[in-house]
Structure formats: structure tokens, C-alpha cells
Amino acid sequence: MAHLFRELSLGHSKRETTPPPPMASAIPSDLPPSPLGQLAVQFSESDLRLIAYEIFVAACRSATGKPLSSAASSSLSVSNPDPPINGASPASPAAQRSLTATAASKMKKALGMKSLSSLSPGSTKSPGSGSGSGGKPKRPTTVGELMRIQMRVSESVDSRVRRAFLRIAASQVGRKIESVVLPLELLQQLKSSDFTDQQEYDAWLKRSLKALEAGLLLHPRVPLDNKTNSSQRLRQIIHGALDRPLETGRNNEQMQSLRSAVMALATRSDGSFSDSCHWADGSPFNLRLYELLLEACFDSSDSTSMVEEVDDLMEHIKKTWVILGINQMLHNLCFTWLLFSRYVVTGQVEMDLLYACESQLAEVAKDAKTTKDPEYSQVLSATVSAVLGWAEKRLLAYHDTFDRSNVGTMEGIVSLGVSAARILVEDISNEYRRRRKGEVDVARTRIETYIRSSLRTAFAQRMEKADSSRRATRNQKNPLPVLAILAKDIGELAIQEKRMFSPIWKRWHPFAAGVAVATLHVCYGNEIKQFISGISELTPDAVQVLRAADKLEKDLVQIAVEDSVDSDDGGKAIIREMPPFEAETVIANLVKDWIKARIDRLKEWVDRNLQQEVWNPVENQEGGYSLSAAEVLRITDETLEAFFQLPIPMHPAVLPDLIIGLDKYLQYYVSKAKSGCGSRTTYMPTMPALTRCTTESKFQGVWKKKEKSPPSQKRNSQVTIANGEGSFGVTQICVRINSLHKIRSELDVVEKRVITHLRNCESAHTDDFSNGLGKKFELTPAACIEGVQQLSESLAYKVVFHDLSHALWDGLYIGDLSSSRIEPFLKELEQNLTVIAETVHERVRTRIITDIMRASFDGFLLVLLAGGPSRAFTIQDSQIMEQDFKSLKDLFWANGDGLAMDLIDKFSTTVRGVLPLFSTDTDSLIERFKGMTLEAYGSSAKSRLPLPPTSGQWNGMEPNTLLRVLCYRNDESATRFLKKTYNLPKKL
């Protein structure tokens, strides 16, 4: 019998006599293995079909209680139907029932499938039709005839089966068909002479024995006890028939032994208290046979359509339930699987099949809630799991499965998958029953899983594609970085998701688009975070990637917000799933690092170049500024230019950082430029201790003049630091002043240039250049003004007290006044003023000459009030002083070409207030001094006049100033008063 066995993969059958339907394009592996179970014995597809057909004929042959009426064929039938097929027994009323091809099948309508009437007008195609002689369409006229054609059973086989059942009916009068073991009775009634040849007979015999083996031994309704004699005996008979075939059609010993064993097993009770024989109602044998019967409902010439007579056909198929042990729940389950598998193997294009499957699955869901039968639950779980697995295989990567050409099928597959998931979770899962109070939303959870899974897969594919694109363009100029390409692709993917897929998901998940973009955001976020962690400096690639990431994030967030408008939380939950990339912050930080590095390098440049700077004016340039100042301004411009050329989206936002950095850099230059030049106090001599004059004759005074002049007073020790010329000469200090003035005047130009750059920025707004905040230099202008002031004052006091000290401090009024007047000092001072006026910028010239005038006035007063014991004045000398001071003022007035007279008067106020003291008699000076001292110190000064401290603020009404006039008064009364009151020495 082995040669009769054929390899069969259940669920992927190919009918022997009918070619594959023209629409079937799906590969066999696309359909999951049948959940109805695998048979333990191998049957060919045709063998199982013949067994199922025998059961169908037997069940319908016995259904004689209801009279069968014949109806005329509808308008779809041919006008002259052929007579019944030869061999169809007229004594089989149920099987011979006339077909009624109604305009719209009730069953099809319930399933939502199109009827023949909905086909294109004029169509002559009829389900179940074949070709008669001459190609004339021919319709079966009875259910039995239609079933024979659909089951691909030949007329000779059909005739033989019907004759056998007539004999069985005659010998089993009064017995119900479910109490008959059909293969056994057929073996009893048919003999080799009933077949066309021995080969056909042998095949039938083996098939019948295998049917008994499958139904009674391998897949029994009632579980077998392996020690049962009947099962062992039946097994021996079946295996023995391989060596010595049974002699059928006789009531011999072999048949009696077979009957005894078969009936002993078939009549075992399953607890239902019925007299049914259990030979074809064990699972999965019964389910496989029933599946073949249901397949007959589909048109053999159009595998995606049911025959129009499906209502009549199904009515008869259900009559096999009593033999196969099928009930409505199992029928619903098997029919669901049939619709599903038919949709899959016919290319997944006929949506009617998919919708019918979903409709039938809804019935299965109702059944699942009403029974806890373990056998049914097992088949239910397997079936629903197979459907769900198939659907999820597509939905977990729906971007690969669906495109614009087939996205119309997606909703049906989603609906099918969600329905299957609900049954599996809500009706089968114990976990769900325990958590039911928590209101688990199966559909929403599944949809989220599909969206996240598919988008992660799609993201990985886009990532690989972007990498390949980068490699392909690496030899091109300025190829895009991988993550920039990826950001663009993911943005397009998000738009596709929003437009094509999210409307479908929204039926089950109100915020599907939000879930989608949140998933993409997380995927890209993982990549961008890794990228950011590896960035150490601002590069074009880094900026491109970060800008692309920022744009992508804004697009994704926008989609999420739009999708969540109607949510209770306004989309906050979705947004929380999207931790920001902070690309703009990263760019800003990189720009700040870039700025800091630039500024640090600029400060290093300042340190390095100012060490070599000689402070000579740049040739062929107006303004007399230094080379370093020109370089500083050039570098500032270059830095601004480089900044605005950075391909960043936030120039206005980080511009203040750059301006602050440049401001500090310029301030640093200013501080370095003025350092080492000293100040007013650097060059001011130290005032000597107070002494009193020695009264001598005029001769002695003249004679004394010819003696060696006393040594000059020591100046502040700081003078030695800036004593050399070099970079601290008069010309060099003037160039420093010009340099600071140049920088100060150019800042306005730089600020205007910044505004111009801002206007050309893609990210700039009107407020960015209308509001001056963050675009102006705050420190440098003040530093320049302060630096010019300091350098100007330093230059003035350097010239007066350092460069001309020999003519002023060491020469003026030493000894006899008539021979040590101010002319030498004025001559040299005028030479210095000429050099300075020619060197400094005209905008600062007046200030510097004013500072020199002020220093000259201070020096003149210092000679008069703190010139040391080498100087002594009489009342008559005051006229010389007045004349010399007028000459000093005239130098700066320059006959109206110099300083303004009111400016000269302003700064000469102190001198003009002190000079009259030198023409005042001694007694008046003493009395005025006493009065002012008592006024300042009160009654405590009556017993002894305190020595007033030196304030340096000379004033004719100030005690210390009066005291100093007395100290330098060459007068006996003054000397005596100072000796008596303070015991001042005559010399140091």
C-alpha cells in the first residue's frame, strides 16, 4: 500500500484535476501551517476528498424527513439545461435537489461578498459551470451534481458510491446514518467487480482501511486504551491487509473479524448518550475532512469567489455534522480558517474574502466567550494564533508590506489582526482575566506595537541606505554626512506615515501619528546623542548634522502636537516620550567653544606681539597708530567674518557671546598697551621734609650760588622703572594714545558692520538688529577712554617731572631767582610740545597739551611750596614768580593758537590763589596761619599749635600751604616763628 501514499503538506494542497486559479500568486509558504492539526497517517488530497465526499453523500442521502422541492433556475441559468448526469440515482432526493441560483445569496450577503448579480453586465460566467459539448455553458441542476463537480469526483465513482449506499440503506433499514461506520459498510458492499480495474479497487481498499485507521486508532473521538483487544486486533487486520488483501463484498471470516473490531471501537460512548458511531469525529481527522467539504463552496473556475448556490450547498454540508462531530462553533472556526487561507493563497487581493473572514471571526469571538471546552479552546487558540501571526508578520513591518499600490488592503488586515488579538487575549489568556479590571486596551496596545516595530525596522533600513549613499558620494565635493541624509529620509518617512498610514491606525488608536513620530524621534535621538558625544569642535559636518536634527525634531514635534489636539493632556504624554535633541544648544555650545578658542588665541597673540611692539606709527597711515593696533582691528574683522560664515541657524542668539569675547580681547589689548607707562604719581617727586630758611646777606647769597649746588631731591623710585626711552619715549607713548583712540573710533564701524551681517542672516529677525543689546562693545570704549586719560596724564608728568626735571625741579629758583628763572624750562617744554602736537591725533591733541599744562602748573607750585632747603624767597621775589607764571601760561595760549584762555584760567586757579601769599608780609602770614590752625583744631590748639598735615591740595586758605610759604620765606620773623613753634631744622 506504500505506493499509494503521497507526500502531502496540509494547508498547501494543489488539486489534482484543476489547475491553480489564475489569481493565485502567493507563494505556498506565505500561508501558516494549518491550525486544524496534522494527520498521523498520510493521505493524498484526492483520497481525503473522496472520503469527505462519501460522508457528504451518505449524510444527504439519509436526510429524507424534509421533502425537497425543485425550483426553476433563475435568469442566470441557461435556457435549456442538460438532463441529469448519467449514474445519478433518482432515488437520492436530497442530493438531487434542484439548485436555486438566487440573485443574491443570503450567506454571501451576510459575509459581505459580491454576488454574481454584482458582476459586470452581460457576464455569462456562472460559478460551478463547466463546458458542455461544443463549448456551450452547462450548469449543474442539483446540489449533488454541484458537489460532485466541486469535489472533483468522477461520474463513475459517484455512481458506484450511490449504488453502495442504496445497498447499505436496504440492509440497514431504520438505522440513522450517524450509527453507521461508512468505510466498514462500503467494504461490506463493494467488491472488485464494482471497479473498472484492479488498480482502482486496490486504491479504494487501502483508502478505506486508512480511513478506519485514522478515525478509530490514530485520531479517535474517545481516547484509546493501548491494551484494548479491539484496537490491537484492528491494527493487525489493517497491517495484515498489506500482505493479504481483504476479500470485500462478502460476509466471510475476515470481514466478520474486521466488523467486530471496528464496531467495538466505534460504539464506545463519549458520554453523550447517543447511539452514534465514532469513526470520523475525532480531531483533527474530522476537521480536515470538514475543511475539504467547505472548500467546495468556492468556485472551481474562480478561486476567489463562492458559488452562487452556496446557501443550498452549505445547508447540505452541515448535514455531515452528525458524522463528523462538528457543531456551530467548530463550523465557524473552520470556515474562518478557510476564508483566511483562501485570501492568502489567491494573492491577497480579493478584499471580499478578507472582510468575510473578519465577519466570520466576529462569530468566533462570540463563541469563544460562551464555552470553555478544552478541545475547542485548543483549536481556537491555534487558529487565532495562526491568523494573528500571519497578520503581525505584515504589520510588524508594514512599511515593507504596504505601499501606495496595496495600502487599501492594510485596514482589512489590521482589523483581522486586532480581532484575532482580542480573542487571544480577552477570551483565552488567563493573564487578561486577572487584569481585566485594569481595562487593558488590546487594540491600542497592539497598534502601538505594530507602529513602533515597523518604524524601528524602517529606521534601520533608512540608516543603512543613508550609509550607502554617503559611501557612494564620498568622492564628491562636500558630501552630506550620514546623519544629515538620515534626518532628511526620516522626515520624509514621518510625512509618509502621517499621510498614508496614520489615518488607517486612527480607527483603533486616536494618536497613532504621535506614537509614530515619538518612535522615530527616539530612534534618531539615540544616533544623534552618540554623535554629539563624539563632537569636540565645530566642523561643517557637525553643524550640518545638528541643523538637520533640529529641523527633523521640529517637524516631528509639530506632527505630534497636531495629532494630539483632541487628547485630554494636549499631547503632553507623547511629548514626554520625545526628550529634546537639544541640537541648537549643542550648536550654541560648540559656537561658544569656538569663540572661546578664538579669543584665547587672540589674547596669546596680544601677549606675543606686544612684546615685540616698538610703538612706531604705521607708515602711510593717518592717525599715527601702531602696527599692533592695525592688526588688532584686522583680526577683529576677520573673526566677525568667520563667525557669520559659520553655517549655524542662531547667529543672533550667540552673537552676544562673540561680542563679549571680542570686547574682553580688545580691553585686554588696551590694558597691555598702557601697561608700563606709569601714571601721575610715578613721576611726581617726593616732597622733602619741612625746613626753615637761614637768613643771610645778599653777598652771602650770591656767593652761595657759586658753591656746588645741593643734590636734587630724590624722586619716587618708580621713575627708574620707566626711565629708559625705548618703547616708553614721548613719541611711543603718543603712538600708544593714538592706537587706543583708533580702536575707540573704529568700534562704531565694527558695530555697524555687525548689523549689516545680521541683516544677511537667514535666522535674523527685525528685533535682532533694531535692538542694540548684545551687539555693542561695553568694556573697550570705556577702557580706551580711561587708557587715553592715563597715558595722557602719564605723558604729561613724564615730560614735566622726568624729561625736563633738570630745568624745572633741579634748576628753577635754585639760589638767586634772577639767574634761575623759567625760560630754560619753557624752551625745552616748547620743543616737547611741538613733537607731541605733530605725533598725536588731532582729536586727542588738546587733551594731552592740557594735561601737560596742568602738570607744568603742578610742577611750578611744587617748586614754590616743596622745593627743599635749596630754595628761599623774599617778598620781592614774588614779582619774578608772577612774571614767570605768566610766561608759562602764554606758552600754552600761544597768542591764541594754543589752548583757550578760559581753559588756561580754569587750571591756573590754584596757582593764582597761592602766588599772592608770596607777596604778603610775614607777620600777616603768621597771624593768618595761627587763625586757620585754631579754627581747624579748636581749643586744643591754644597751648601748642599742631603741625598741619600735607594734603597736596594747595590753597591760600589751607594751613599747610601757609606753613610752606613761611618755610621758604627768607625772613628772620618767619625763621624765628618756625624755630619756636615747630623747631624745624635749617637743612636736611
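- Within the structure, the salt bridge (charged side-chain N to carboxylate O under 4.0 Å, His left out) test picks out no pair touching residues 514-535 (sequence neighbours left out).
- Scanning both residues, Trp337 and Ala386, for their nearest heavy atoms gives CZ3-CB, 3.8 Å.
- Heavy-atom minimum distance, Gly514 versus Ile574: O-CG2, 3.6 Å.
- Between the side chains of Trp505 and Tyr450, not a single donor N or O lies within less than 3.5 Å of an accepting N or O.
- Between the CG atom of Asp47 and the CD1 atom of Ile51 there is a distance of 6.0 Å, given to the nearest 0.5 Å.
- Side-chain atoms of Gln150 come within 3.5 Å of backbone N or O of Phe298 as a donor-acceptor pair.
- With Asp299 contributing its side chain and Met306 its backbone, the two residues share no donor-acceptor pair below 3.5 Å.
- Between Glu492 and Arg462 there is no salt bridge, since no side-chain nitrogen of the basic residue lies less than 4.0 Å from a carboxylate oxygen of the acidic one.
- The main-chain N or O of Thr304 is never found under 3.5 Å from a side-chain atom of Asp352 such that the two would form a donor-acceptor pair.
- Of all the heavy atoms in Arg342 and Thr346, the pair that sits closest is O-OG1, 2.6 Å.
- The two residues Ala110 and Ser359 make their nearest non-hydrogen contact at O-OG, 3.7 Å.
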Take Glu537 and Leu590 through the test side chain to side chain contact (heavy atoms under 4.5 Å, CB included) and record every step on the way to the result.
-> CA-CA 6 Å; Glu537 61 180 344; Leu590 288 173; 5.8 Å; no

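- Using a 30° and 60° split on the angle between ring planes, Phe581 and Tyr524 fall in the tilted class, from 30° to 60°.
- The main-chain N or O of Leu324 is found under 3.5 Å from a side-chain atom of Asn286 such that the two form a donor-acceptor pair.
- In the model, Asp367 has no side-chain atom that pairs as donor or acceptor with a side-chain atom of Gln328 under 3.5 Å.
- Rounded to the nearest 0.5 angstrom, Met351 CE and Leu354 CG are separated by 4.5 Å.
- In this structure a side-chain-to-backbone donor-acceptor pair under 3.5 Å is missing from Asp550 to Leu546.
- Nearest heavy atom pair, residue Ser385 against residue Ser381, reads OG-O, 2.6 Å.
- Under 3.5 Å, the side chains of His399 and Glu497 contain a donor-acceptor pair of N or O atoms.
- Side-chain contact, Thr371 with Asp373: no donor N or O sits under 3.5 Å from an acceptor N or O.
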Should Val425 and Arg446 be marked as a side chain to side chain contact (heavy atoms under 4.5 Å, CB included) after you check the CA-CA gap, both sets of side-chain angles, and the distance that decides it?
-> CA-CA 11 Å; Val425 174; Arg446 288 282 170 173; 4.0 Å; yes

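- Thr539 and Asp541 form no side-chain donor-acceptor contact under 3.5 Å, judged by distance and modelled atom types alone.
- Side chain to side chain, Glu577 and His521 fail the donor-acceptor criterion of an N or O pair below 3.5 Å.
- By the 4.0 Å N-to-carboxylate-O rule, Arg49 lies too far from Glu295 to be salt-bridged with it.
- Side-chain atoms of Val522 and Arg456, non-hydrogen and from C-beta on, never get closer than 4.5 Å to each other.
- When all heavy atoms of Leu287 and Leu330 are compared, the pair lying nearest together is CD2-CD2, 4.2 Å.
- No side-chain donor-acceptor contact under 3.5 Å links His331 to the backbone of Lys318.
- A salt bridge is defined here as a Lys NZ or Arg NE, NH1 or NH2 lying under 4.0 Å from an Asp or Glu carboxylate O, and Asp563 with Lys506 meets this definition.
- Two rings, from Tyr398 and Phe501, have their centers less than 6.0 Å apart.
- One finds a salt bridge joining Asp30 and Arg394 here, because a Lys/Arg side-chain nitrogen approaches an Asp/Glu carboxylate oxygen to under 4.0 Å.
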